[in-house]
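Below is one structure, written out as structure tokens; the observations come after it.
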Amino acid sequence: MSAELDQLYQTIILEHSHKRSGETEQDVSSAGERSGVSHQYNPTCGDEITVRVAVTAGENPTVEAVEWNGEGCSISMAAASVLSEMAPGMTLPELEAMIEHFREMLRSRGQVAPDEEILGDAAAFAGVSKFVARVKCAMLSWVAVEDAVNQAASKARTT
Amino acid sequence: MSAELDQLYQTIILEHSHKRSGETEQDVSSAGERSGVSHQYNPTCGDEITVRVAVTAGENPTVEAVEWNGEGCSISMAAASVLSEMAPGMTLPELEAMIEHFREMLRSRGQVAPDEEILGDAAAFAGVSKFVARVKCAMLSWVAVEDAVNQAASKARTT
Amino acid sequence: MTTTPLDNEQVLQLKQDFPLLTETQVAGHPLVYLDTGATSQVPLAVADAERDFTLRHRAAVHRGAHTLAVEATDFFEDARATVSRFVGADPYSLVWTSNATEGLNLLSYAMSNATAGSNGSEHAERFRLGPGDEIVTTQAEHHANLIPWQELAARTGATLRVVPVDERGLITPQAVAATLSERTKLVAFTHVSNVTGAITDVPGVVAEAQKVGALTVLDACQSVPHMPIDFPALGVDFAVFSAHKMLGPTGIGALYGRRELLNALPTFLTGGSMITKVTTEHAQYLDSPVRFEAGTQRISQAVAWAEAVRYLEKIGMDRIEAWEAELGGRLARGITEIDGVRLLGPAPGVERVGLASIDVAGVHAHDVGQLLDVAGIAVRVGHHCAQPLHRELGLTASTRASTYLYNTTDDVDRFLDELSRVRGYFRAEGA
Amino acid sequence: MTTTPLDNEQVLQLKQDFPLLTETQVAGHPLVYLDTGATSQVPLAVADAERDFTLRHRAAVHRGAHTLAVEATDFFEDARATVSRFVGADPYSLVWTSNATEGLNLLSYAMSNATAGSNGSEHAERFRLGPGDEIVTTQAEHHANLIPWQELAARTGATLRVVPVDERGLITPQAVAATLSERTKLVAFTHVSNVTGAITDVPGVVAEAQKVGALTVLDACQSVPHMPIDFPALGVDFAVFSAHKMLGPTGIGALYGRRELLNALPTFLTGGSMITKVTTEHAQYLDSPVRFEAGTQRISQAVAWAEAVRYLEKIGMDRIEAWEAELGGRLARGITEIDGVRLLGPAPGVERVGLASIDVAGVHAHDVGQLLDVAGIAVRVGHHCAQPLHRELGLTASTRASTYLYNTTDDVDRFLDELSRVRGYFRAEGA
Ligand SMILES: Cc1ncc(COP(=O)(O)O)c(C=O)c1O
Ligand SMILES: Cc1ncc(COP(=O)(O)O)c(C=O)c1O
Ligand code: FES
Ligand code: FES
């Protein structure tokens with residue numbers, strides 16, 4: 001196959017699309033005390049994902065766990081899996097910075113190179129930014145986590 | 001002005017557009033025993049005409065009188081005037097034949113030459129057939145007369 | 001007289017009329033365009049006809065009295081005569097719309113207007129709907145032939161009933177009959193499915209609808225471009241189709257309707273050119289087709305569409321149909337020979353147009369499409385605006401290849417060849 | 001910085017871009033095109049941009065994932081960005097329609113849908129109408145900005161009120177104010193009259209409407225092509241305009257709306273590409289602008305329209321406006337100097353665009369137009385889709401001359417010269 005394709009479907013992405021960290025058979029649509037839930041829908045393809053994120057208690061919570069159910073293409077499944085591995089243990093500002101950079105890179109049409117220190121394994125998604133129609137795929141779960149973590153944090157702070 | 005224009009606006013047409021035989025100040029919208037009324041509207045320009053035609057009594061009526069009110073361009077006014085002069089005294093088949101030939105000539109885009117024996121003064125409208133947008137103008141009153149005379153005749157026959 | 005289909009040599013000749021098909025490179029590969037189901041490509045003659053009209057003959061139609069306007073009106077009405085003749089109809093029964101979708105919405109809103117008594121409803125009795133009345137559509141429909149009826153039901157209180165497809169994804173007259181009742185006012189159904197390529201028995205469905213006195217509306221988007229069509233002979237009351245799927249421009253489609261129905265139907269869009277007399281209180285409307293054509297029309301688009309029709313007629317719709325049956329058969333057979341790939345809809349051997357959708361086990365449709373795309377093969381992935389049918393087939397999305405008169409057997413084979421590598425590339429289970 | 005208008009020399013240069021204007025002969029005379037009020041002519045660059053897109057880049061937008069489709073989507077959305085910027089708006093507030101007429105109908109039907117509770121009416125409270133509610137329009141409107149409101153009133157039970165024009169044919173904020181009430185939900189009015197060329201005080205009318213909390217709808221068909229426009233700065237809630245009056249193609253227009261209003265407005269046309277989730281029972285809708293764009297869109301038309309906008313911007317809308325003010329003044333003055341010819345609307349010296357309508361004593365408008373036509377001068381005759389205003393002016397029909405950036409003072413003078421002969425030719429009384 002072509003080199004261009006291999007840039008998009010990095011080995012790490014294909015692996016995550018199959019092993020899928022954080023994916024669970026259990027329904028994740030109800031949130032607990034220190035967790036938030038977000039459902040995201042991709043109108044272009046009809047795929048959807050539901051993500052539940054739990055954070056630690058206190059003023060400066062960190063991410064405790066990411067769990068999700070959903071269906072989608074390999075890019076979207078891999079993006080959810082990678083994030084589920086990376087997020088736990090991160091502070092909220094760290095997570096937000098990572099998501100922001102991920103978004104910026106993806107929207108840049110290949111102009112913004114990934115900062116591997118910030119993105120770690122998620123740098124493998126750099127190739128997606130040249131495939132405009134697939135940017136939403138990579139962002140779907142990340143937007144869901146962003147949304148869910150904010151809900152969780154505001155609960156954690158008020159309890 | 002141009003020769004083409006003079007073909008359309010024959011002297012006889014311009015004269016009739018001013019003198020307007022058959023035009024009356026009286027309202028002609030109600031029909032009597034041996035007469036019929038027709039109202040015609042030209043949606044392209046918004047002009048309209050109301051014509052009343054009376055016929056003689058009996059099995060084979062002839063046209064007795066044509067009266068009309070209306071507004072329109074010189075072609076439409078002249079056509080009403082010419083017909084108002086020509087129709088009286090005609091048998092219904094004669095009138096119908098004349099109207100049919102008039103229609104055929106007008107729709108022919110200049111292909112059908114007027115038969116002066118049938119059309120008389122109305123042959124002057126031959127030039128109109130090359131001006132497709134004006135064909136309706138010339139036909140407006142003639143269609144009204146055709147309609148009105150049929151109404152009148154069916155009344156005359158049944159009384 | 002039997003039909004000789006096109007052959008590869010002739011098609012390669014035809015391709016020369018389509019610069020996009022001969023000149024486009026995608027990721028270093030010559031393009032194989034297998035997405036006509038979404039929109040077709042356009043031959044030079046059609047683009048040139050539109051450009052020429054626009055640069056040399058443009059004027060407002062049905063309004064102006066000056067020479068240019070009269071000539072433009074002739075172009076415009078000649079186009080209507082050409083397109084209506086192509087579907088066996090007279091010009092009075094062909095209304096220009098923006099696309100097929102707008103044609104279906106026209107009907108939906110005109111029936112709301114009949115119900116409300118607005119928009120010239122004097123003779124609209126048979127279009128009125130109310131609680132208890134039923135509108136019937138099918139599970140196989142494009143959203144364009146489903147949502148307008150859902151919303152019509154919501155606006156009028158009528159009930160929407162949906163005919164299930166059979167195990168092959170087909171709409172059958174039997175299933176339609178089972179959904180009909182004395183209260184059914186309208187049956188809207190597709191001629192050819194844009195997902196499965198299956199062909200509906202139109203006269204069969206029409207016969208059932210007529211038994212209960214229901215109006216019929218045919219979605220002919222995927223049939224008119226690909227086979228000879230005669231709407232009056234099919235017996236439908238209304239039908240819609242789009243120019244952009246048949247070598248024509250975007251921005252124009254048509255609604256066919258039996259003339260007496262169109263004249264009795266309340267108006268939809270209102271404004272200039274479709275009225276007789278207007279006061280500040282009230283407007284009176286002209287007859288079909290201008291009755292439904294408010295405001296400045298798609299003039300150059302009509303002219304270009306007529307040129308597209310002439311192009312198709314020159315080749316012959318029967319020959320196009322026969323050629324695409326070959327391509328469709330080749331597609332269907334080829335697909336079923338690939339491990340882990342499921343052909344949706346009718347099995348090979350069953351009648352279909354040159355269109356086939358597939359599900360690749362363990363690989364998402366968008367990933368399938370991506371792999372094909374970098375090999376220069378343009379196909380459609382997603383739900384193809386038919387979510388209910390995909391749900392019925394147990395899917396969210398599928399991959400669709402669709403042909404036209406400009407596709408060769410080689411195009412089909414290149415698609416099949418790449419398709420056979422998909423599961424391996426994505427390391428799908430069992431690949 | 002004062003604006004330097006175009007001059008005759010520059011205009012003669014520009015004319016070279018319009019083959020129709022330089023090459024057409026009518027009855028042996030070079031054409032003088034004074035019917036831009038109906039539809040404008042199109043420069044080569046615009047026709048070529050459309051042809052090139054169609055032959056080299058055509059694909060379905062917002063659907064396909066293949067390279068060609070992604071590129072076509074970029075073209076399409078870039079076009080939206082260009083056209084929306086031209087009227088001071090962001091792309092989310094610009095919806096493509098077939099023409100201005102359809103934009104007004106979209107609003108009229110969306111408000112019916114709000115009233116019926118259909119088509120995604122969750123946040124549509126402020127668009128609901130019922131008996132006692134009032135819709136306001138004016139006597140000066142084109143039928144496109146009158147009939148849709150008449151029918152909306154008929155569908156919802158609301159009352160239509162019509163603002164009278166003053167003795168100059170102008171809509172004034174005072175007259176609007178006098179027609180408004182606490183129950184007024186919407187005020188629809190024209191920016192520039194297509195009969196008199198008079199310019200409405202838009203901010204003045206908007207201020208009055210806002211006092212009673214009514215929505216405002218501007219018919220900008222005759223303003224956007226001829227002057228710099230910024231809808232957000234004008235303060236209107238909605239506005240419509242058409243491409244074909246501003247060097248663009250037929251078949252496309254636009255509805256501008258404040259984004260939050262468009263997102264709250266129920267949908268109009270339903271079908272593919274404007275939905276999120278569809279079941280056989282129910283559909284959910286996307287946000288503006290795609291919310292209102294059902295089915296395959298006017299893709300090449302959008303691309304061509306953007307090219308037209310670039311052409312206008314290169315020249316400068318302020319310079320076009322200034323030049324047309326000169327032409328309009330010359331028209332108005334010239335007309336009043338001819339015996340037996342009456343200028344409709346504002347007197348010479350009062351602000352107007354390059355458009356003037358006249359009544360010739362004793363000669364019907366169609367006869368006037370015929371005489372001008374054989375002299376090669378194309379003008380519009382009739383009621384110009386404004387029967388109520390003509391009735392108010394005591395007329396059935398009038399003769400209209402309208403200019404654009406490609407008209408010279410010589411064009412105006414040739415019109416005036418022929419006009420001065422009309423009454424003599426037709427032997428009108430006193431001629
Ligand atoms: C003032 C005005 N409003 C509305 C329209 C209707 O525009 P369209 O025919 O492009 O829908 C026109 C042009 O005909 C116009 O001049
Ligand atoms: C079966 C079918 N119906 C309706 C449509 C809608 O056509 P359009 O988008 O041209 O309105 C399509 C194409 O998208 C189709 O394939
Ligand atoms: S295609 Fe649906 S998420 Fe990627
Ligand atoms: S223009 Fe109206 S009848 Fe001739």
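Note on naming: letters A, B, ... go to the chains in the order of the sequence lines (proteins, then strands), and numbering restarts at 1 for each one.
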**Message:** Below 4.5 Å, heavy-atom pairs only: which of Ala47(D), Ser300(D), Pro388(D) has the largest tally toward chain C?
**Reply:** Pro388(D)
**Request:** Check the side chains of Asn105(D) and Tyr109(C) for a donor-acceptor pair under 3.5 angstrom, ignoring hydrogens and angles.
**Result:** no
**Request:** Counting only heavy atoms closer than 4.5 Å, note whether Ser242(D) contacts chain C via side chain, backbone, both or neither.
**Result:** neither
**Among Thr97(D), Val42(D), Leu146(D), Leu55(D), residue most engaged with chain C (heavy-atom pairs, under 4.5 Å)** = Leu55(D)
**Prompt:** Quick one: does Leu68(D)'s side chain get under 4.5 Å of Leu20(C)'s, heavy atoms only?
**Reply:** yes
**Message:** Given heavy-atom pairs under 4.5 angstrom as the criterion, report whether the side chain, backbone, both or neither of Leu372(D) touches chain C.
**Reply:** neither
**Residue list, side-chain hydrogen bond (donor to acceptor under 3.5 Å, both in side chains) with Thr399(D), at least two apart or on another chain** = none
**Request:** Please look at Phe18(D) and chain C and tell me whether the side chain, the backbone, both or neither of the residue comes under 4.5 angstrom of a heavy atom of that chain.
**Result:** neither
**Request:** State, with a plain yes or no, whether a side-chain heavy atom of Leu44(D) is found less than 4.5 Å away from one of Arg51(C).
**Result:** yes
**Message:** Could you tell me if the side chain of His143(D) sits less than 4.5 Å from the side chain of Met274(C), heavy atoms only?
**Reply:** no
**Asked** Roughly how far apart are Thr54(C) OG1 and Gln41(D) CD, rounded to 0.5 Å?
**Response** 9.5 Å
**Request:** Please name the pair of heavy atoms, one in Ala60(D) and one in Thr39(C), separated by the smallest distance, quoted to 0.1 Å.
**Result:** N-CG2, 3.5 Å
**Message:** Does any part of the side chain of Arg56(D), heavy atoms only, come nearer than 4.5 Å to the side chain of Thr24(C), both counted from C-beta?
**Reply:** no
**Request:** Could you look at Thr115(D) and say if it's the side chain, the backbone, both or neither that has a heavy atom under 4.5 Å from chain C?
**Result:** neither
**Prompt:** Heavy-atom distance under 4.5 Å between the side chains of Asn99(D) and Arg298(C), does that happen here?
**Reply:** no
**Heavy-atom side-chain proximity of Lys277(C) to Gln387(D) below 4.5 angstrom** = yes
**Message:** Report which part of Arg58(D) has an atom under 4.5 Å of a heavy atom belonging to chain C: side chain, backbone, both, or neither.
**Reply:** both
**Asked** Given the options Gly117(D), Ala100(D), Ala116(D), Gly248(D), which has more heavy-atom pairs under 4.5 Å with chain C than any of the others?
**Response** Gly248(D)
**Prompt:** Looking at Ala302(C), Ser118(C), Ala27(C), which has the largest count of heavy-atom pairs under 4.5 Å with chain D?
**Reply:** Ser118(C)
**Complete:** The interface call for Asn113(D) against chain C, heavy-atom contacts under 4.5 Å, is side chain
**Item:** Any side-chain donor near an acceptor of the partner, Thr67(D) and Asp373(C), under 3.5 Å
**Value:** yes
**Close side-chain approach of His244(C) to Ile299(D), heavy-atom, < 4.5 Å** = no
**Message:** Is Ser40(C) close to chain D through its backbone or its side chain, or both, or neither, when contacts mean heavy atoms under 4.5 Å?
**Reply:** both
**Request:** Say whether Thr250(C) and Gln301(D), considering side chains only, have a donor N or O and an acceptor N or O under 3.5 Å apart.
**Result:** yes
**Proximity breakdown for Leu104(D) and chain C, heavy-atom pairs closer than 4.5 Å** = neither
**Request:** Go through the atoms of His282(C) and report whether side chain, backbone, both or neither lie under 4.5 Å from a heavy atom of chain D.
**Result:** backbone
**Prompt:** Should Val379(D) and His66(C) count as side-chain neighbours, where that means a heavy-atom distance under 4.5 Å?
**Reply:** no
**Request:** Sort Val26(C) into side chain, backbone, both or neither according to what part of it lies under 4.5 angstrom from a heavy atom of chain D.
**Result:** side chain
**Message:** Heavy-atom cut-off 4.5 Å, strictly under: side chain, backbone, both or neither for Leu21(C) against chain D?
**Reply:** neither
**Request:** Indicate the atoms forming the closest heavy-atom contact of Cys385(D) with Ser273(C), along with that distance.
**Result:** SG-N, 4.3 Å
**Request:** Side chain from CB out, backbone as N, CA, C, O: work out which of these in His57(D) comes under 4.5 Å of a heavy atom of chain C, or both, or neither.
**Result:** backbone
**Complete:** Scored by heavy-atom pairs under 4.5 Å with chain D, the best of Val374(C), Ile377(C), Thr270(C) is Thr270(C)
Side chains of residues 151-164 of chain D: which donor-acceptor pairs under 3.5 Å do they make with residues two or more places apart or in other chains?
{"unit_1": "Glu151(D)", "atom_1": "OE1", "unit_2": "Asn119(C)", "atom_2": "N", "d": "2.8"}
{"unit_1": "Glu151(D)", "atom_1": "OE2", "unit_2": "Asn119(C)", "atom_2": "N", "d": "3.4"}
{"unit_1": "Glu151(D)", "atom_1": "OE2", "unit_2": "Tyr285(C)", "atom_2": "OH", "d": "2.5"}
{"unit_1": "Arg155(D)", "atom_1": "NE", "unit_2": "Ser112(D)", "atom_2": "OG", "d": "2.7"}
{"unit_1": "Arg155(D)", "atom_1": "NH1", "unit_2": "Asn119(C)", "atom_2": "OD1", "d": "3.2"}
{"unit_1": "Arg155(D)", "atom_1": "NH2", "unit_2": "Ser108(D)", "atom_2": "OG", "d": "2.7"}
{"unit_1": "Arg155(D)", "atom_1": "NH2", "unit_2": "Ser112(D)", "atom_2": "OG", "d": "3.2"}
{"unit_1": "Thr156(D)", "atom_1": "OG1", "unit_2": "Leu152(D)", "atom_2": "O", "d": "2.8"}
{"unit_1": "Thr156(D)", "atom_1": "OG1", "unit_2": "Ala158(D)", "atom_2": "N", "d": "3.3"}
{"unit_1": "Arg161(D)", "atom_1": "NE", "unit_2": "Glu134(D)", "atom_2": "OE1", "d": "3.4"}
{"unit_1": "Arg161(D)", "atom_1": "NE", "unit_2": "Glu134(D)", "atom_2": "OE2", "d": "3.2"}
{"unit_1": "Arg161(D)", "atom_1": "NH2", "unit_2": "Glu134(D)", "atom_2": "OE2", "d": "3.3"}

**Asked** Which region of Glu281(D), side chain (C-beta onward) or backbone (N, CA, C, O), has a non-hydrogen atom less than 4.5 Å from a non-hydrogen atom of chain C, or is it both or neither?
**Response** backbone
**Prompt:** Taking Ile252(C), Leu269(C), Leu106(C) one by one, which has the highest count of heavy-atom pairs under 4.5 Å against chain D?
**Reply:** Leu269(C)
